[in-house]
Trainee: 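Please read through the structure below; I'll follow up with questions.
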Amino acid sequence: MREFLEGSLAVARIVKACKPGVISAYPITPQTHVVEELANFVANGELNSQFVNVESEHSAASVVLGSVAAGVRSYTATSSQGLFYMSEVIFNIAGMRLPLVLTCANRAISAPISIWNDHQDSISLRDSGWIQFYTENLQETIDFHLISYRLSEDKHVMLPVMVCMDGYTLTHGIETIDMPDEGKVDSFLPPYKPLYKLDVENPLSLGPLADPDYYMETRYAIHQTHKDVLEIIPKLALEFSKVFGRHYNGLIEEYHTKDAERVIVAMGSVCGTVKEVVDELRAKGKKVGLLKIVAYRPFPAEAIYEALKNIPKVAVLDRSLSLGSYAPVAAEIKAAFFGKKKKPQVISSFVVGIGGRDITKDSIKEVLRLVNGREKSNEFIDLKPELLKEEYEQ
Amino acid sequence: MREFLEGSLAVARIVKACKPGVISAYPITPQTHVVEELANFVANGELNSQFVNVESEHSAASVVLGSVAAGVRSYTATSSQGLFYMSEVIFNIAGMRLPLVLTCANRAISAPISIWNDHQDSISLRDSGWIQFYTENLQETIDFHLISYRLSEDKHVMLPVMVCMDGYTLTHGIETIDMPDEGKVDSFLPPYKPLYKLDVENPLSLGPLADPDYYMETRYAIHQTHKDVLEIIPKLALEFSKVFGRHYNGLIEEYHTKDAERVIVAMGSVCGTVKEVVDELRAKGKKVGLLKIVAYRPFPAEAIYEALKNIPKVAVLDRSLSLGSYAPVAAEIKAAFFGKKKKPQVISSFVVGIGGRDITKDSIKEVLRLVNGREKSNEFIDLKPELLKEEYEQ
Amino acid sequence: MMKEIRIHARAGQGAITTAYLLGYSYFLKGMYPYAFPHFGAARMGAPMNAFVRVDSKPVRLRSQIYQPDYVIIADPTLTRGFNCFSGLKDDGIAVVNQREGFEVPKVKARQKLYVVPATEIAMKAFGKPLGNTALIGAYAAATEEFSLKELIEAIKKRFSGKAQEGNIEAAKQGFDFVLKQKSAK
Amino acid sequence: MMKEIRIHARAGQGAITTAYLLGYSYFLKGMYPYAFPHFGAARMGAPMNAFVRVDSKPVRLRSQIYQPDYVIIADPTLTRGFNCFSGLKDDGIAVVNQREGFEVPKVKARQKLYVVPATEIAMKAFGKPLGNTALIGAYAAATEEFSLKELIEAIKKRFSGKAQEGNIEAAKQGFDFVLKQKSAK
Amino acid sequence: MNSEKKPLLAPGHTACAGCGQAIAARLVIDAAGPNTIVANSTGCLEVFTTKYPESAWEIPWIHSLFENSAAVASGIEAALRYLGKKEAINVIAQGGDGGSADIGLQAISGMFERGQDILYVCYDNEAYMNTGVQRSGLTPFHSNTSTSPAGCASYGNIRPKKPMPEIALAHGIPYVATATVAFVPDLQRKVKKALSIKGPKYIQVHVPCPLGWRHAPELTLEIAKIAAETGLYPIIEYENGTLVGVRKITPRPVEDYLKPQGRFKHLFKSPEEIKKIQAIADTNILKYGLAASNKP
Amino acid sequence: MNSEKKPLLAPGHTACAGCGQAIAARLVIDAAGPNTIVANSTGCLEVFTTKYPESAWEIPWIHSLFENSAAVASGIEAALRYLGKKEAINVIAQGGDGGSADIGLQAISGMFERGQDILYVCYDNEAYMNTGVQRSGLTPFHSNTSTSPAGCASYGNIRPKKPMPEIALAHGIPYVATATVAFVPDLQRKVKKALSIKGPKYIQVHVPCPLGWRHAPELTLEIAKIAAETGLYPIIEYENGTLVGVRKITPRPVEDYLKPQGRFKHLFKSPEEIKKIQAIADTNILKYGLAASNKP
Amino acid sequence: MFGPLIAKPGSSRKNKTGSWRIESRPKFLKKNCIACRMCVVICPEGCISGKEKNTFDCDLAFCKGCGNCAYICPKQDIEMVREESEAAAKNKKE
Amino acid sequence: MFGPLIAKPGSSRKNKTGSWRIESRPKFLKKNCIACRMCVVICPEGCISGKEKNTFDCDLAFCKGCGNCAYICPKQDIEMVREESEAAAKNKKE
Ligand SMILES: Cc1ncc(C[n+]2csc(CCOP(=O)(O)OP(=O)(O)O)c2C)c(N)n1
Ligand SMILES: Cc1ncc(C[n+]2csc(CCOP(=O)(O)OP(=O)(O)O)c2C)c(N)n1
Ligand code: SF4
Ligand code: SF4
Ligand code: SF4
Ligand code: SF4
């Protein structure tokens, strides 16, 4: 049904439709509205779920770890400092092969403290074994929450999924969406049937110690599953489109890339702004395009290769840093082309929108201008020179 | 002075020589012996330092954050789960531009829980803004602790440094080292003179909130400093060799790479094993070599490029994973060659020694055998097929 | 064709509600509004903005608004020392809440300025100094972007009971106030 | 030329001390030993290994030891159901602590086996069932890798007071015990 | 109190009009004086006093994270001990109720256990205000917050306030007190008393929040006063584990306290629920002997 | 006690010979019975019972991390409530003293505050044993551990035991007790009593560790017994905040307890230090009325 | 600007929060003031000063108009007046 | 083997810790036993069983020889004997 909703409320609505039996989260801007709305549903008897208010994110993640291990679909959401404070649990959940969906309202990391949007929080957990989706708009955001539960609980997957939505831009942005009706949701997402769980009838021991004779294979198994997930996601997306009539590739989205001379690679809500610029410049006959990465983990190297192999100039936008090295997304895109015959002449890497710095059409045009020049690495866009002066005078 | 010492005790000795005024750490295998020995020094009046026993790693890191902010040289050490539990503080310390040295006794990450060695812990904090060194043997380990304090407190740097030593292999390994005498240490490492500190005479406010108008430049500043550090490290290494007579490049070490047809890229103690194999095969006339990465952050892309640009076949050993994507070191090595004219024909990526899986000469020879074939990505070495079967039967 | 609206207010003055009601009124016309706030770490009283960008197809542009077609100023004191009209299109329209004895800066020749006693209207209509709905009513009349009908629909969606009646009344009065001014010209 | 020694013991039986003392004895000869333990998440009583790899130049190889030149077995019960001699070089030497009424498995033709009543010696020498130093004494005599002098130096470095005397005594007796056996042959 | 001295917390901070925490924070630092180093948890106080590039603090001040101010202060205290300056300088760690009773509790407990010479001040506005009024461990029973909303299936927060002063006391620290922004001299006396004692100290200050409690901004001090006068917020003082001070009251009905606050509005539809809150007050009055009549 | 039933903690685990925790853990789970789900913190118990691919547990058991067993148990409890199975199934969270009083304290406090129906069992061996005997918050005064070593400038651990039972009590939970592996029926009765009460429960069990305390393995129970008999480890029981049970003793001198333990060996060079420990015992004896003579 | 850190104590004074006043502001009548200093002590902005009786006033550059001073003044010697009026007054003068 | 997790409860029984005994092992004399079951209850390995008086014995496959059973037996009906002796005895027989 067509609605005009704030992103956070939309997410709460779709989560409600997925009927998690246990919800636990700890407040942090800009994730708060999601959890508050879920609290309302429970308070008003609209959602039958155990809403566990906890004393920290570490416990929020641990509570849902425990509830999923006990065989009940669960949900949590966080941001930034909260995601880092639970990071040990994040790795643990993936290592224990527990299915879960977490909404990450992307926000910058302290110090200095910032409540505004960039991708440093979820990107810095890219090694954890979690599947990660980055969404462009609210429709995509709610649809991928639904897909994520299916994916996560697939018995060939059994891995947690993080749906990453840009803080404020999407969490606090209000726009028109088509909210899937609960009946269809139920048909797409059956009740959770755990492969293994804590059960007095069949007492398992979960989370043992694995010495050097056993540990390595457990990592290998997760890595292999991620490879499988690259196959499973498009299948699920297809199934989703059959039920809901909205089509996703699930791994990437190509926008005017086919004949493009310059392509921007990006993730998240900035893709909307990039599309605007692409249309503008296309109207002026400029051959530009966008490659949107939707699934960042597993990293769809093959799909990205196919999409970019014939593009002369590629500009990768990173909204996070690996301080002292290549920006995370750029590094992997470049790696994807090593040893390949077909490849772009230039892959330049740009850093935009860090700590909430506004990304305008001009920012994107500047990127497209610079990608014409020689290869750039970690080129920061929209820096304020006066602040840099201050920096170096001290 | 030539001594036969366990790695942990050697580290404790050099830290003692650096005279930190505040030491705080929380026990975790295999870091424990370092901290226990420091506790002994304090208990026996051999070291004048405030030894603060804390209730968790989060607080250990926070305590040294506070003590450095108050203008006193400080020290901490941890591993694995402990490093993750303090990860929020880790990013915070770098963001606040506080100089500190932390010893990471590298260990695998849970789940499943493992007390054995790999690099997942420190690697997963590679975005944090910390400088990271990985050491091959005990001599290097203690020497780089000394260099790290100088580097960290350099007023053009003011960033924390993590010295990463392999758990057990180095922390519990006993070997012959030349322990720098305290007089020389004092001449190389002057007392800490803070650029800024908490001081009632000159009251600063540290750790403010930075909104979108200011945040981005603080990240840029750290990134630029990392670039500078690539220049500063070799200078310091030179100065070090003048005082102590041991020569380091500080960024990388090349071992029989010049004329090599196959080169292994690796970090940490496995480099010793690789050198053995290199000598063996060289004796048989095989042109093989090793490129050891010492400084992983900042990432010495230029030095690596120079070292590998003419090598036909490169094998990168990773002792950690970015599950679902390229192994971390391999991804950056590949990225370093994008768009370059000179480059290896093959860069293959291998995953070895995860969760303490023993790395033998045969493991290395297998790698060198496989690098002759077509490009490998995340090729696991020494997997046990029987466990994989078990894995997939379930 | 895309329209951009920028709202200036103080945290606590309901700028986000204003953006929501504006957006919803467009939404009821079958258009695709994108409404979003921007605050510093806002506390009640601190200046902040809210934005609405609307188009006949889904809006994709996510940046803030620097060249608005329309500006709504909930508190004219915000214009002290700060140009709330900055970037306003040359033929742009500004709807400003009136404040007794407070001079509203002039606008450019082709720009239109409507000063509306929204707070006063609100006080009369429902006894709270929240002029949002009156301002949106005025906006509807000034810009003719949507009709009073849609706005009232939106208000019904957002408010209930006495608040609903009061706000509908305020919206109407804001609307009429501007109509009069227009016909006066 | 590189030598590799593997020690089999139970956690708590001082395998690491044994490795340290072995290493230190080599160290005193100006060689470059690398001594290191390997345990499972060991508890007192659980089987574990310690290793010493030694060479005239710094040892770089970090792997465990699979083809030892020498094996020291602190507790023969470890040989139950597990081959502690696995990989022992064909001309390798094994020094095994004796345990009353416990059969030590046979070794290959060119391999040498010395069974030493180390625990007994230790009990007599200093009243504790810790046969390490006696075993190393025996090792010194059996392998002639280093002299009793170096071992005694090492013991002095590691122990003090009565423990020192006792362990030196035990080392000597272990040494002599093997010498006798040898000359006997 | 510093009558002629300029306040150590400067104007121009960005707290809401009528913020109780802003008042209390200034009173605390003015009582502590300029030879004080403050470690502050993330929260309203941190945000409204130090938005770069402007700081309201006149003393050395540090903010690291939400949950670690007690640990950061521990490091500062250790550094001062190393430098031999501890005697001359006060160390204060401070945060809101969430940063203290919930996510910061473990760091505080560790600091208590180590016996460090630090005063911890908890500004208790009874919810996570900086993030928009979510419940905390110190949110009172039946309070309507965004994560403990009142609804047809809920009366608001289902749990009583976590007994933080008792928990601090249980650690065996030498000084524990509650205070309120409403009783200025009492608050400032307690801060000075605390700082005169060596070892870990804990003071919990009740600070109304017009935004979160939904009361008129001019009522900040009045509401704090009524909180104490109803017995809902006992003003007590412990030295070395013994109750040495109790602010006596002539108990007022809790309605006086609940009425002016939006967070309790929903209760006035169901008087029996208000009785439960009266019961809490009555228990406190007995437990601590608050009733003036109790005076010997 | 399960006389014919097979124990719910199987042999073949890898604890040290004479491990007090191994004894207590079996007694606890046998008392709780098979309809119990256990969440275990990292520590000796976890390591010696579940080294892949073998588990000693006969009941559903989970280990996640060192500091979160109370939170994991909270999730399990919530899941059982959602499934309507909570009445039928016990949830136990357990860990060592470090995992409970130090790094796990916050999660426990949160679980207490939420009023969840969980029994928390702390196996108190008075140090971090799994990592090689470092001090914890529950390490006793003057105990020689690897991070509180005795030396020419130190007598060992400088702090008294963190009063965990009091801290638990301060949270206002319905049941708090201490027990010891030495008094088996008392321990198992308390476990059953606790599980019969709805809400959060805390039991702290004193479990000697031959390795860490450096005592002969056959003395495990004897030493635990003496700990109680000297008054150094009061065996007490609280229901709804009131002391309902105290194990009376005819106090023995603390030397009896210290003598057989390596961790206190260094004290016998300085008798006046031992007096300080006697003082701790004497205080306990008074505080809890432990002396048999006190009996009415 | 390492950090960043703020090197200027009390620099928040640059931020004139007086502009936040929307409804009303305090008027210090200076008739019955007994110099109890309560208003000084409780002003959340710390923007009231004064020495002798009837000398107390607030700095409108910072006053947010919360009204606590007026509420607490034991002598009702502070009164909250509508923010406009003054401006209006001013206007009229012109 | 997801996780990994351990699907077989009590599988630790595969691990025969009896081999850990170094010094001594318990000898159940079965003379004065009163079936108080103390040894059963306190054995850290839970490897002692028995029903009637003088029927109690331990499973040497698991017994680590800690000695607590002997220490606690109120009737001194359990005695710790040197681990060797038996093997020796066995030997002699051969
Ligand atoms: C680890 C972490 N989790 C959550 C947050 C988000 N956060 C910042 S302040 C705050 C609430 C502060 O509440 P309180 O401590 O009561 O202080 P107040 O703002 O009410 O004065 C929260 C949840 C954070 N910064 N860090
Ligand atoms: C976050 C984290 N820090 C440290 C460790 C290392 N560690 C594992 S168990 C343990 C000590 C356990 O001590 P305690 O809780 O007292 O249990 P015990 O082993 O004594 O039974 C430590 C320090 C860890 N696993 N995780
Ligand atoms: S929200 Fe409450 S605590 Fe925060 S600044 Fe506003 S009034 Fe003060
Ligand atoms: S170290 Fe102590 S607690 Fe751990 S298994 Fe051994 S005896 Fe038990
Ligand atoms: S109204 Fe409020 S801010 Fe203004 S002076 Fe009075 S107390 Fe201060
Ligand atoms: S000696 Fe110890 S392990 Fe063996 S049966 Fe007796 S109590 Fe059990």
Side-chain angles (χ1 to χ4, degrees), chain F residues 1-27 29-31 34 48-64 181-185 187-188 207-210 215-225, chain H residues 1-26 35-52 55-74 76 78-81 83:
Chain F
M1 198 48 48
N2 281 294
S3 58
E4 300 326 327
K5 302 200 207 86
K6 76 173 177 192
L8 296 173
L9 182 60
H13 62 70
T14 62
C16 305
C19 173
Q21 187 168 205
I23 304 171
R26 179 172 44 75
L27 294 171
I29 193 60
D30 282 344
F48 73 62
T49 55
T50 56
K51 185 160 170 302
Y52 188 85
E54 292 156 5
S55 172
W57 297 96
E58 303 276 2
I59 44 88
W61 181 95
I62 184 170
H63 159 257
S64 164
V181 68
F183 306 137
V184 173
L187 167 59
Q188 293 197 311
V207 289
C209 163
H215 65 70
E218 69 271 19
L219 296 184
T220 303
L221 291 124
E222 180 62 14
I223 284 181
K225 186 156 142 293
Chain H
M1 188 199 73
F2 275 115
L5 55 80
I6 301 174
K8 301 175 206 60
S11 43
S12 59
R13 289 190 173 79
K14 288 202 214 94
N15 183 31
K16 303 291 182 250
T17 51
S19 68
W20 293 21
R21 285 194 315 281
I22 297 170
E23 288 315 297
S24 54
R25 59 179 186 76
C36 68
R37 308 190 52 81
M38 279 308 285
C39 56
V40 175
V41 168
I42 61 85
C43 171
E45 312 310 314
C47 70
I48 305 180
S49 58
K51 288 202 173 53
E52 289 72 41
T55 67
F56 291 81
D57 210 333
C58 74
D59 184 342
L60 287 169
F62 296 110
C63 165
K64 291 174 186 160
C66 73
N68 278 282
C69 53
Y71 196 96
I72 206 152
C73 178
Q76 288 82 43
I78 309 174
E79 166 182 305
M80 297 305 287
V81 300
E83 185 56 33

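Every chain is numbered from 1 and lettered A, B, ... according to where its sequence line falls, protein lines coming before strand lines.
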Trainee: Suppose we screen for salt bridge (Lys or Arg N to Asp or Glu O under 4.0 Å). Which residues come up paired with F:E58, at least two apart in sequence or across chains?
Mentor: F:K6, H:R13
Trainee: Please name the pair of heavy atoms, one in F:L8 and one in F:D30, separated by the smallest distance, quoted to 0.1 Å.
Mentor: N-OD1, 2.8 Å
Trainee: Please name the pair of heavy atoms, one in H:C63 and one in H:C58, separated by the smallest distance, quoted to 0.1 Å.
Mentor: CB-SG, 4.0 Å
Trainee: Answer with side chain, backbone, both or neither: which region of F:T49 has an atom nearer than 4.5 Å to a non-hydrogen atom of chain H?
Mentor: neither
Trainee: Strictly by salt bridge (Lys or Arg N to Asp or Glu O under 4.0 Å), give each pair with a member in residues 16-26 of chain F just once, sequence neighbours left out.
Mentor: none
Trainee: Name the option with the most non-hydrogen atom pairs under 4.5 Å to chain H; the candidates are F:G18, F:A22, F:S55.
Mentor: F:S55
Trainee: State, to 0.1 Å, how close F:C16 and H:E45 come at their nearest heavy-atom pair, and which atoms those are.
Mentor: O-OE2, 4.4 Å
Trainee: Go through H:I72, H:N15, H:N68 and name the one with the most non-hydrogen pairs under 4.5 angstrom from chain F.
Mentor: H:N68
Trainee: Pick from H:G10, H:G46, H:G18, H:C69: which one has the most heavy-atom pairs with chain F under 4.5 Å?
Mentor: H:G10
Trainee: Where does F:L9 contact chain H at under 4.5 Å (heavy atoms): side chain, backbone, both or neither?
Mentor: neither
Trainee: Highest number of heavy-atom pairs under 4.5 Å with chain H: which of F:A216, F:P217, F:G20?
Mentor: F:P217
